[in-house]
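Numbers restart at 1 for each chain; the letters A, B, ... are given by sequence-line order, proteins then strands.
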Amino acid sequence: MSNFVAAAKEQLAALITSAYESAVAEGLLAEGAKAPEIEASRDPSFGDWSSGFALASAKALGKSPRDIAALLIDRVELTGTFFSELTMAGPGFLNARLSDLWFYELLNAIEDEGDGYGSVDVGQGRSVMVEFVSANPTGPMTIGNARGGVLGDTLAEVLHRAGYKVWREFYCNDTGNQVDLLGRSLEARYLQKCGVEVPFPEDGYHGDDIAARADEFIAEQGDALVHASEEQRRQTLIDFALPKNIEKMRADLARYRIRYDRFFYETELHKSGYVDETLDKLTAAGHTYEQDGAVWFKATAFGAEKDDVLRKSNGFLTYYAVDIAYHRDKFEKRGFDMVIDVLGADHHGHTLRFASSMAALGIDPTRLRFVLMQLVRLTREGEVVRVSKRTGKAITLSDLLDEIPVDAARFFFNARAHDSHLEFDMDLAVRQDSENPVYYVQYAHARISSLLNTLADEGHAPPPAAEIDVSLLTDESERALLRALAAYPEEIRLSAVNFDPSRINRYCVELAGHFHRFYHAQRIRGAESGVLEARLKLALTTCDVLKNALGVLGIDAPEKM
RNA sequence: GCGCCUGUAGCUCAGUCGGAUAGAGCAACUGCCUUCUAAGCAGUAGGUCGAGCGUUCGAGUCGCCCCAGGCGUGCCA
């Protein structure tokens with residue numbers, strides 16, 4: 001588990017610190033400087049890594065930044081380190097250039113770690129549940145679910161690579177208000193199709209899928225339900241449609257390469273009595289009260305703006321009450337160290353109240369984390385398309401996957417950080433040309449694969465890293481590619497700690513770009529002995545890391561295009 | 001009204017902890033395949049980082065205040 005970016009940073013910081021301490025011991029600088037900060041150089045002509053240490057500490061040390069930098073450079077010994085050069089530039093920046101030793105050890109480490117390259121250990125084996133999509137089984141999934149699906153799935157994968165034990169869960173609301181509404185909508189369509197004139201529920205689901213389910217039922221079981229009791233009719237229709245809807249969701253998600261460790265059904269919580277038990281616990285702890293015939297949770301006692309209803313005056317539980325029990329189950333029963341809920345931004349009002357309810361149950365609310373996903377704006381022919389599940393005008397995940405390849409869809413929906421709005425241009429997505437950057441990345445992989453095959457046919461196999469002379473890889477395109485390869489573990493780490501797997505998309509594009517530039521700048525085939533092997537190894541290593549990173553995204557790495 | 005998110009090139013978006021000349025893709029324009037895949041590469045052009053004030057050696061980044069857009073603010077989920 002190596003992180004050469006971090007290793008280089010730490011070493012450079014240590015070199016500067018020790019030079020600073022020498023200067024202090026010699027009485028040339030005052031004490032009290034802050035630890036040096038190291039960052040990647042913006043421009044390769046400055047070197048690979050730089051530090052603004054001299055600028056940041058100039059005030060405390062009472063000397064000019066350039067004087068400080070000069071003193072430090074005099075006291076740094078670079079022999080045997082990851083750096084070949086340390087210079088001063090501009091107002092007093094310290095610029096360091098990476099040495100062949102660093103590049104050599106990097107290639108060896110990537111080879112040694114194989115598929116495990118990129119893994120880091122921020123999770124330290126702690127368990128985390130990622131709950132995502134959790135769409136209501138009242139109809140097909142939408143474009144919004146398409147984004148949430150990829151976000152949750154790739155976030156889970158990133159956390160896995162970052163050293164967490166990961167569990168993917170889908171919470172299925174298979175009972176309650178929405179299901180009741182589904183029953184009334186189905187009933188109305190059913191009766192209408194059987195020739196009974198009834199009004200459609202005003203707030204019902206207008207989608208074609210409802211009518212289709214009614215048709216299916218009639219085809220299988222006829223119109224006998226017309227004469228059944230209202231309650232029996234609705235329940236029969238729900239029992240008919242709900243499993244089909246759930247199975248459809250599961251199949252669509254699988255087609256989208258998303259598989260869950262568990263579908264958790266809301267009814268399980270009710271059957272086991274866990275919801276009632278949880279409410280009793282809250283009440284026993286004095287966190288509830290009754291008013292207007294309803295039972296309320298004192299969320300304001302935990303910093304919320306207002307209290308929330310747990311049990312409505314009609315006796316039914318709110319979704320909130322059930323969700324509290326569900327989250328208690330995640331922590332208390334199943335013992336997850338951390339739980340991440342991937343939610344649409346339209347649910348952001350819930351975050352505080354969930355945190356307060358966990359606190360009320362004696363569960364550390366910081367163990368519950370939310371990833372709020374800004375909504376998808378769908379455009380078609382330059383116009384914003386309004387989508388609504390209720391009115392049935394949504395474009396479904398199923399429709400989407402009929403039109404565009406899974407690889408492109410997964411890349412597209414993971415292209416933006418979760419807190420950015422994502423614009424989804426239907427006309428663009430349908431086009432399968434190079435405008436989608438996923439092809440740029442896949443092309444790099446295919447190109448390398450082809451190259452390796454061609455050279456293998458000519459008897460050139462990439463040698464072990466230990467035999468490579470990295471001092472032959474001197475071109476800027478080669479150095480840049482090596483640095484990009486080294487950046488991978490740090491990208492995984494940052495994606496994990498920021499809950500932002502879209503970084504990996506951008507990393508893939510960047511790595512592919514570095515390869516394409518190297519490919520044009522340097523020829524492998526026909527290069528002299530030593531150089532050929534070094535470049536071939538560089539190509540193979542790039543191929544492996546690209547495949548690795550695409551694997552995080554759940555995207556294929558094709559050998560031919 | 002209050003809360004959360006967003007505002008950077010014609011379009012879609014990056015920009016790490018405040019750092020050097022603000023980047024990428026697409027679109028536009030100009031070049032590059034008798035030689036490892038041209039779904040590629042090189043180059044040109046394109047910017048009041050929404051506006052203003054402040055903090056400091058230094059602000060796209062931090063603070064305040066406006067403006068604009070999205071979402072929320074249910075005994076719906």
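Partners of A:His270 according to the side chain to side chain donor-acceptor pair (under 3.5 Å) rule, which considers only residues two or more places apart in sequence or in another chain, are A:Glu266. Shown here are the side chain to side chain donor-acceptor pair (under 3.5 Å) partners of A:Arg369, two or more places apart in sequence or in another chain: there are none. Residues satisfying the side chain to side chain donor-acceptor pair (under 3.5 Å) test with A:Tyr443, not counting sequence neighbours, are none. Remark: A:Arg147 engages no residue in a salt bridge (charged side-chain N to carboxylate O under 4.0 Å, His left out) (not counting sequence neighbours). Annotation: side chain to side chain donor-acceptor pair (under 3.5 Å) contacts of A:Glu458 (sequence neighbours excluded): A:Arg525. Every residue two or more places apart in sequence or in another chain that forms a salt bridge (charged side-chain N to carboxylate O under 4.0 Å, His left out) with A:Glu423 is listed here: A:Arg377.
One atom, CZ of A:Arg416, and another, P of B:U8, lie 13 Å apart when rounded to the nearest Å. A straight line from CG of A:Leu375 to P of B:A77 spans 19 Å, rounded to a whole angstrom. In this structure, A:Arg353 places its CZ atom 9 Å from P of B:U73, rounding to the nearest Å. Between A:His514 atom NE2 and B:A24 atom P there is a gap of 11 Å when expressed in whole angstrom units. If you take CD1 of A:Ile492 and C1' of B:U16, they are 16 Å apart, rounded to a whole angstrom. One can place CG of A:Asn145 at 18 Å from P of B:A77, the figure rounded to the nearest angstrom. A straight line from CZ of A:Arg506 to P of B:G15 spans 5 Å, rounded to a whole angstrom. For the pair A:Asp323 CG and B:C76 P, the interatomic distance rounds to 15 Å; values are reported in whole Å.
Listed by first then second residue, pairs satisfying salt bridge (charged side-chain N to carboxylate O under 4.0 Å, His left out) with a partner in residues 509-523 of chain A number zero, not counting sequence neighbours. The list of salt bridge (charged side-chain N to carboxylate O under 4.0 Å, His left out) pairs with a residue in residues 313-328 of chain A, not counting sequence neighbours, reads A:Glu277-A:Arg328, A:Arg328-A:Glu332.
Scanning atom types as modelled, one donor and one acceptor separated by under 3.5 angstrom connect the side chain of A:Ser50 and the base of B:A20. Scanning atom types as modelled, one donor and one acceptor separated by under 3.5 angstrom connect the side chain of A:Asn95 and the base of B:A20. Between the side chain of A:His348 and the base of B:G3, a donor-acceptor pair under 3.5 Å is found. With hydrogens and angles ignored, a donor-acceptor pair closer than 3.5 Å exists between the side chain of A:Ser313 and the base of B:C75. Side chain A:His516 to base B:A39: no donor-acceptor pair is found below 3.5 Å.
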Which donor-acceptor pairs under 3.5 Å do side chains of residues 341-350 of chain A form with protein atoms, sequence neighbours excluded?
{"residue": "A:Asp341", "atom": "OD1", "partner": "A:Lys330", "partner atom": "NZ", "Å": "3.1"}
{"residue": "A:Asp341", "atom": "OD2", "partner": "A:His327", "partner atom": "NE2", "Å": "2.6"}
{"residue": "A:His348", "atom": "ND1", "partner": "A:Ala345", "partner atom": "O", "Å": "3.1"}
{"residue": "A:His350", "atom": "ND1", "partner": "A:Tyr319", "partner atom": "OH", "Å": "3.0"}
{"residue": "A:His350", "atom": "NE2", "partner": "A:Tyr319", "partner atom": "OH", "Å": "3.2"}

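Of the C1' atoms belonging to B:G19 and B:U61, the separation is 11 Å, rounded to the nearest Å. B:A27 and B:A45 are spaced 12 Å apart, taking the C1' atom of each and rounding to whole Å. When the C1' atom is compared between B:A39 and B:G25, the two are found 14 Å apart, to the nearest whole Å. With C1' as the reference atom, B:G69 and B:U30 are 38 Å apart, rounded to whole Å. Comparing B:A51 with B:G7, their P atoms are spaced 13 Å from each other, to the whole Å.
In B:C41 the base sits anti relative to the sugar, since the glycosidic angle is further than 90° from 0.
Here A:Lys312 does not reach the OP1 or OP2 of B:G74: none of its side-chain N or O atoms lies under 4.0 Å away. The side chain of A:Tyr440 contributes an N or O atom lying less than 4.0 Å from OP1 or OP2 of B:C41.
Side-chain atoms of A:Asp346 lie closest to B:G72 of the nucleotides B:G72, B:G74, B:C5. Residue A:Ser420 places its side chain closer to B:A14 than to any other of B:A20, B:C17, B:A14. Closest to the A:Arg517 side chain, of the nucleotides B:A42, B:U73, B:C5, is B:A42. Each of B:U16, B:C75, B:C76 was ranked by its minimum atom distance to the side chain of A:Leu494; first place goes to B:U16. Picking from B:C17, B:G69, B:C41 the nucleotide with the shortest atom distance to the side chain of A:Lys9 gives B:C17. Residue A:Asn177 has its side chain nearest to B:C76 when only B:C17, B:C76, B:G70 are considered.
The shortest side-chain heavy-atom distance between A:Glu131 and A:Phe264 does not fall under the 4.5 Å cut-off.
Checked options A:Arg483, A:Arg97, A:Arg479; the residue passing with A:Asp48 is A:Arg483 (criterion: side chain to side chain donor-acceptor pair (under 3.5 Å)).
The residue A:Ala294 sits close to a base: some heavy atom pair falls under 4.0 Å. Counting any heavy atom pair closer than 4.0 Å across all strands shown, A:Asp308 reaches no nucleic acid atom. Note on A:Glu37: a base of the nucleic acid sits closer than 4.0 angstrom, heavy atoms only. Among the heavy atoms of the strands, none lies under 4.0 Å from A:Ala539.
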Show the distances under 3.5 angstrom between N or O atoms of the protein and N or O atoms of nucleotides 30-37 of chain B.
{"residue": "B:U35", "atom": "O2'", "partner": "A:Arg523", "partner atom": "NH2", "Å": "3.1"}
{"residue": "B:C36", "atom": "O2", "partner": "A:Arg525", "partner atom": "N", "Å": "3.1"}
{"residue": "B:C36", "atom": "N3", "partner": "A:Ile524", "partner atom": "N", "Å": "3.2"}
{"residue": "B:C36", "atom": "N4", "partner": "A:Tyr519", "partner atom": "O", "Å": "2.8"}
{"residue": "B:C36", "atom": "N4", "partner": "A:Gln522", "partner atom": "O", "Å": "3.0"}
{"residue": "B:U37", "atom": "OP1", "partner": "A:Ser450", "partner atom": "OG", "Å": "3.0"}
{"residue": "B:U37", "atom": "OP2", "partner": "A:Ser450", "partner atom": "OG", "Å": "3.3"}
{"residue": "B:U37", "atom": "O2'", "partner": "A:Tyr443", "partner atom": "OH", "Å": "2.4"}
{"residue": "B:U37", "atom": "O2'", "partner": "A:Arg447", "partner atom": "NE", "Å": "2.8"}
{"residue": "B:U37", "atom": "O4", "partner": "A:Ala446", "partner atom": "O", "Å": "3.1"}
{"residue": "B:U37", "atom": "O4", "partner": "A:Glu559", "partner atom": "O", "Å": "3.3"}

Are there any protein N/O atoms within less than 3.5 Å of an N/O atom in nucleotides 56-59 of chain B, and if so, which ones and at what distance?
{"residue": "B:C57", "atom": "OP1", "partner": "A:Lys59", "partner atom": "NZ", "Å": "2.8"}

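For A:Glu533 (side chain) and A:Gly530 (main-chain N/O), a donor-acceptor pair under 3.5 Å exists by modelled atom type.
RNA chain B contains the following stems of three or more consecutive Watson-Crick or G-U pairs, with both distances under 3.5 Å: B:1-7 with B:67-73, B:10-13 with B:23-26, B:28-32 with B:40-44, B:52-54 with B:62-64.
Shortest non-hydrogen contact noted between A:Ser356 and A:Ala299 is OG-CB, 4.1 Å.
Separation of the A:Phe53 and A:Phe93 ring centroids does not fall under the 6.0 Å cut-off.
The residue among A:Ser51 and A:His350 whose nearest nucleotide of RNA chain B lies closer to the 5′ end is A:Ser51.
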